[in-house]
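These numbers come from the heavy atoms of this one structure, side chains and all, not from hydrogens, waters or symmetry mates. All values derive from a computational prediction rather than experimental measurement. Counting convention: from 1, in listed order, for ligands and their atoms alike.
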Amino acid sequence: MKNSANDLHHRLRTLAKNLWWAWHPEVIRLFTDLDPHLWREVDHNPMAFLNRTDPEQIEQRASELVLHSRINHAFRRLNEYLEAPQTWGTAHCGNLCNRPVAYFSAEFGLHESLPIYSGGLGILAGDHLKSASDLGIPLIGIGLLYHQGYFIQRLNKEGWQEESYVDLDIKQLPLEPLTQSDGQPLIIRVDTRDGFLAARCWQLQVGRVRLVLLDSNVEGNSDEDRMLTSRLYGGNDRTRIRQELLLGIGGARVLQALNVFPGVLHLNEGHSAFAILEEVRRIVQDDGISFDRALRRVALYTIFTTHTPVPAGHDRFGPQLVEEHLGVFREKLQLSHDAFMALGRVNPEDKNEPFCMTVLALKNSRQANAVSAIHSDISRRMWQGLWPNRSETEVPIGHITNGVHVLSWVAPQMHKLFETRLAHNWPTRMIHSDIWEKVLEIDDGELWENHQILNMRLINFVRRRLLRRAERLGDQETIQQIDHILDPDILTIGSARRFATYKRGDLILSRPERLVKLVADPNRPLQIIFAGKAHPRDDEGKKILQRIIRYSSNPELKRRIVFVEDYDYNVARHLVQGVDVWLNTPRRPLEACGTSGQKVVLNGGLNLSVLDGWWNEGFNGRNGFAIGHGGMHNDLNVQNQRDAEFLYLALEQEVIPLYYERDASGIPHRWVQRVKESMQSLGWRFNADRMVRDYANRFYLPAAGAESAATV
Ligand SMILES: *Cc1c(COP(=O)(O)O)cnc(C)c1O
């Protein structure tokens, strides 16, 4: 008994230590089956779960529930995955084997139990790692460990957002400290004008891929610096440049300490662009070549991805901050202050121009890309100043459209359906359009029923969350009516995003009378589930949020417009799996890509979106719904008015009639046709496997080849 108990515990611990479980719901099911209450109590964290139970107890539960063979099976599958001799990567990425891709990102969204992401950028980076792992591409991730994560969102009685922070307990996370060869903790130091900044390093296994996280909470740092990596996007410019110093320069130094010499530097957004400079410093030191030559060499294997056309999304630092933090560094490289500043200036001569991280990255990368076709048009216009002798169309910024890591987002139920109806190995073949043609053969009733079950699960989840808030606020009315809030027979619209103003999360509320008419329609009503956070310092965003909360307490809309607090990976997963329609109303062309809508496709939801970002490429007239025709207007009010009008037209004339057009047994055949068209036309394109393969084929492999050519 004792031995087998230890054995079982060991197997579960091995599973818990590799984030591979995060995209294998059958492993998560093991934990939820073992103890559903505990699973919820530990916030879906398998390590914390195991730390709270003793082996004997688990053994007993596993026996009672006959879980042994499932646990063994999961354990075996993980090992097979890790040891697979043949992957896409082994077949195609030979020259990255010894010199992997170093993928830098300020945030990584892998699972709700590891809250080191704030939104789309982080989720995308997490999805990138997972697909790189699935494909077997040699890649190592570098990021920061935020020990207070992003914030926890609560809405008070007035509907105003309040933020709180909880310290992560590192012992409860699958993080291993990185050590030096003598067993001492690896500490990275970066010198600044007023002392050094130190960080310890953790590693996390994400399938076959390793993620290294720097953490400034170490002895030797001032109290303030110990808090430096506590929160995402907190503090001021000084906090920001110090975080980026750690991420870029510190991150590149961790690689050196690990003896990892990257064949490709992939900078996911400009935050990490200082990594270029540290790589240059190393080469100047090792090879004794000039700064300029080393910079050109590093550029040969640097890839830069820009993620936003919103100017505030591009970090800019004044000369004093730059001198304070990089003065020591530039002296080592024997650069003058002006020469250094010029690296981050559009116009090197302009002494008033701040140092821009995006400029540093754009000037010194082999290839730069935006994250959708329309975003690359905007980016070329935005950065044309860097290439004054070229026309806008010749500015070298291409695009690779983002995709989502399907197994992280698709409901287990849908996964099974595809397994039986498409191909047993559909997950490894999802980028091939031909397997999706078989979707057309799935019985309408079967597909519809599957989706309805997911819709019901979403409603139950939302009710639990609403109940939690109502209990906290002592809102008796909601508590009593909880089972009457939302209705599985009603068209469910989901809308969740950061409450940045350009996302216009409240566009649908801009025609109140029309909205009431639609929501309260006796025959064909609709209901809306909102979620999303506003940045702690964004009062405009918080006001939008408050307006939504006020609507949700309007007597006529009450049980049909709801807001779910604390949008995170978990809330997102429930929403994208259960909604009928995913609503996205950004102000064109500011969305860059947007990925949340991609997550609903394979779960049987339909997109209703402005033709911006990925939807501008994905929409074909039959696979969802468009708001407007892709128009823009210089006057924002006019654009908002028009888009609101288009949104209502789409709802009134297309979405609602189609959803409620049923046959005798209640199946909306024409709606289901559209769902199938959506799966078939979008599934193979807008996934992270396709995205990462595009990066590998178009960027990584040529870059790795160029670099080795340059060194021989
Ligand atoms: C997918 C996702 C995002 C990105 O969504 P967009 O609004 O489409 O950019 C943000 N946050 C969470 C939690 C997500 O899951």
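- Side chains of Q527 and T492: a donor-acceptor N/O pair is present below 3.5 angstrom, by distance only.
- Across K599, Q598, R498, K533, heavy-atom proximity to atom 3 (C) of ligand 1 is greatest for K599.
- In this model, no donor atom of one side chain and acceptor atom of the other lie less than 3.5 Å apart for N623 and Q680.
- At a 4.0 Å heavy-atom cut-off, ligand 1 does not touch V404 at all.
- In summary, the atoms of ligand 1 found under 4.0 Å from a heavy atom of G594, numbered by their order in the structure, are 8 (O), 9 (O).
- For ligand 1, the polar-atom distance check finds an N/O of T595 within less than 3.5 Å of one of the ligand's N/O atoms.
- A donor-acceptor contact closer than 3.5 angstrom is absent between the side chains of D43 and S113.
- Counting only N and O atoms by type, the side chains of E162 and N156 include a donor and acceptor under 3.5 Å apart.
- A side chain to side chain donor-acceptor pair (under 3.5 Å) with Y233 is found for one member of H535, E107, R240 and no other, namely E107.
- Taking each of G597, S596, G122, S609 in turn, the one with a heavy atom nearest to atom 5 (O) of ligand 1 proves to be S596.
- Within the listing of ligand 1, atoms 13 (C) sit less than 4.0 angstrom from a heavy atom of D568.
- Summarising the contacts of atom 9 (O) of ligand 1 with E112, K503, R573, H307, the nearest heavy atom is found in K503.
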Could you walk me through whether W23 and V206 pass the side chain to side chain contact (heavy atoms under 4.5 Å, CB included) test, one step at a time? CA-CA 10 Å; W23 65 101; V206 183; 3.9 Å; yes
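- Ranking the protein heavy atoms by distance from atom 11 (N) of ligand 1 puts Y567 CE2, 3.5 Å first.
- Here atom 4 (C) of ligand 1 lies nearest to G120 when heavy atoms of G119, G120, S118 are compared.
- Proximity of W409 to ligand 1, defined as any heavy-atom pair under 4.0 Å, is confined to the side chain (atoms from C-beta onward).
- Between R497 and S495, the side chains place a donor N or O and an acceptor N or O closer than 3.5 Å (distance only, hydrogens not considered).
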